[in-house]
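Heads up, the thing below is written out as structure tokens.
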Protein chains: 2
Amino acid sequence: MIAGRGLSGLKTRDLAREIGCANGAVYNLVEDMDELILRVGSRTLLRLDQALSTAEGAGEPSPQETLVRIAITYCDFAAENLQLWRALFEHRMEAGKLVPDWSAADQMQLFRHIYVPLATLFPKRGADELGITARSLFSAVHGMVALGLEQKLVAVPLPALREEIAGLVRAMIDGLIARAERSHAAAAP
Amino acid sequence: MIAGRGLSGLKTRDLAREIGCANGAVYNLVEDMDELILRVGSRTLLRLDQALSTAEGAGEPSPQETLVRIAITYCDFAAENLQLWRALFEHRMEAGKLVPDWSAADQMQLFRHIYVPLATLFPKRGADELGITARSLFSAVHGMVALGLEQKLVAVPLPALREEIAGLVRAMIDGLIARAERSHAAAAP
DNA sequence: AAATTCTCTTGAACAATGTTCAAGTCTGTT
DNA sequence: AACAGACTTGAACATTGTTCAAGAGAATTT
């Protein structure tokens, strides 16, 4: 139902009718609507993880191109699973309740896809620094995908968006490498 | 009320009590809750626009550093106006209703802050291309701010986030420039 | 001054929706 | 056959956006 009509199209009564039970019975399967949404999110993250792994597997490209591939794959996944992907970020826990552990753990797993090629590119950097860079890279690409698929502003056709993302990821990596080399040259001239 | 308790903390009855009228009377001031939220959003965008203009005004820095300043200012504005800023992006129009013109126009205005320095940096590019690059740059920075201020994952202290943003913006611009020079050299060697 | 008309206000009522719960139903065990 | 435990049901409750008929007030007309 989330995939079809979005998070706001998920109603307990419709859900109960669809699975063939009384509306109250939904609460035997799930504590909350929050839990249901997080469980669906967990599946979505798993599928995203698989898509990213598949994208990495083909050929033996440079770390740069691996990162570009990951970004493009993320974009495609979001486009093909628009509502489910949106549900990952639109959902807000109701006040005072925090995300359970099993859900938080899912999210961290994804960063390793970015972390590994980054570590190859920047062997001098420590784990913390790499983690932060990975998160920044992800955030930047995520922003492009999020606002790009939001047809609110100028509607960008998907192929153009993919090109933009690829270009900007390459630019970011080039810039990061140049910056690293410059600071290296300055440190040991 | 949005600034205080967030979009989900805005209730018509509370609002009516606060302004001292019956709950029904709210609908004489505003068509909808949608309209109210968009009107608040309009004010927020105006204040953001002013903050960006102020940031540009000081000194006469290079276009690169202007773009970095803009990004940092955006980050700071989001941090200082967290709920109002979130409301800009969290709000979804109820199905089938489209954003009125006066609201859509507000959003476009902001891109000129990015567009102008970019046009200086890349005089060869056409208006369309610059517009797309501007939007990509904004999206990337927005993503970093959005996920950075979302304390859900690893909590990043604000100064560190600002540094990350500055670094990545510089890297992106360096990369874009290098890329432009390379294609220029290939075109006319 | 009285009457009329127009607008604004009020608060009840409606509809949608997440959640709870007492009563009923079913299944398996004693 | 009797009982216990679990599941199911559908009504009921609370919250919330929205509508609306009735009333209050002010301005204009007679």
Side-chain angles (χ1 to χ4, degrees), chain A residues 1-44 82-104 106 150 152, chain B residues 1-44 82-104 106 150 152:
Chain A
M1 292 186 62
I2 294 175
R5 293 200 285 282
L7 253 195
S8 63
L10 175 67
K11 316 284 156 144
T12 54
R13 284 167 180 78
D14 295 352
L15 181 61
R17 187 157 2 96
E18 182 140 347
I19 64 182
C21 69
N23 60 45
V26 169
Y27 293 84
N28 292 330
L29 310 171
V30 113
E31 182 67 25
D32 238 7
M33 276 298 116
D34 275 345
E35 185 193 333
L36 175 53
I37 293 169
L38 290 178
R39 292 227 121 92
V40 171
S42 203
R43 290 191 191 178
T44 306
L82 190 55
Q83 301 281 28
L84 287 169
W85 172 77
R86 275 187 186 155
L88 290 175
F89 298 93
E90 275 181 15
H91 178 57
R92 290 269 171 286
M93 221 59 180
E94 76 182 80
K97 223 171 56 175
L98 47 152
V99 179
D101 291 346
W102 56 265
S103 181
D106 285 340
E150 198 87 41
K152 251 187 203 169
Chain B
M1 294 186 60
I2 295 175
R5 293 200 285 281
L7 255 195
S8 64
L10 175 66
K11 317 281 158 152
T12 55
R13 284 167 179 78
D14 294 351
L15 181 60
R17 187 157 2 96
E18 182 140 346
I19 65 183
C21 69
N23 58 45
V26 170
Y27 292 84
N28 292 331
L29 310 172
V30 112
E31 181 67 27
D32 239 8
M33 278 296 117
D34 274 345
E35 185 192 333
L36 174 53
I37 293 169
L38 289 179
R39 292 228 121 93
V40 171
S42 204
R43 291 192 193 178
T44 306
L82 191 55
Q83 301 279 29
L84 288 170
W85 172 77
R86 275 187 186 155
L88 292 175
F89 298 93
E90 275 182 13
H91 177 60
R92 290 268 171 283
M93 220 58 180
E94 77 183 79
K97 224 170 55 174
L98 47 152
V99 178
D101 290 346
W102 56 264
S103 180
D106 285 338
E150 198 87 42
K152 252 185 202 170

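Each chain gets a letter, A, B and so on, in the order its sequence line appears, and its residues count up from 1.
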Any [X] side-chain heavy atom under 4.5 Å of [Y] side chain:
| X | Y | result |
| --- | --- | --- |
| B:I2 | B:R86 | no |
| B:V26 | B:R13 | no |
| B:Y27 | B:E35 | no |
| B:M93 | B:D34 | yes |
| B:R92 | A:E150 | yes |

Short side-chain N/O contact from B:N28 to OP1 or OP2 of C:dT7, under 4.0 Å: no
With B:L88, the side-chain contact (heavy atoms from CB on, under 4.5 Å) member among B:T44, B:V40, B:D106: B:T44
Criterion side-chain contact (heavy atoms from CB on, under 4.5 Å) on A:L36 and A:L15, from CA distance to verdict: CA-CA 11 Å; A:L36 175 53; A:L15 181 61; 3.6 Å; yes
Inter-residue atom distance A:F89.CZ - B:E90.CD, 0.5 Å rounding: 13.5 Å
Boundaries of the chain B footprint along DNA chain D (any atom under 4.0 Å from a heavy atom): D:dT16 to D:dT19
Estimated bend of the helix from C:dA1-D:dT30 to C:dT30-D:dA1 (axis per five terminal pairs, rounded to 10 degrees): 30°
Step-by-step side-chain contact (heavy atoms from CB on, under 4.5 Å) determination, A:H91 to A:L38: CA-CA 9 Å; A:H91 178 57; A:L38 290 178; 4.2 Å; yes
Worked check of salt bridge (Lys or Arg N to Asp or Glu O under 4.0 Å) between A:E18 and A:K11: CA-CA 11 Å; A:E18 182 140 347; A:K11 316 284 156 144; over 6 Å; no
Please write out the pairs of protein N or O atoms and N or O atoms of nucleotides 16-18 of chain C separated by less than 3.5 Å, giving the distance to one decimal.
from	atom 1	to	atom 2	distance (Å)
C:dT17	OP1	A:K11	NZ	2.5
C:dG18	OP1	A:L10	O	3.2
C:dG18	OP2	A:T12	N	2.8
C:dG18	OP2	A:T12	OG1	3.0
C:dG18	N7	A:R13	NH1	2.9
C:dG18	O6	A:R13	NH2	2.8

d(CG, B:N23; P, C:dA13) in whole Å: 13 Å
Rounded distance (Å) that lies between atom C1' of C:dT9 and atom CZ of B:R17: 18 Å
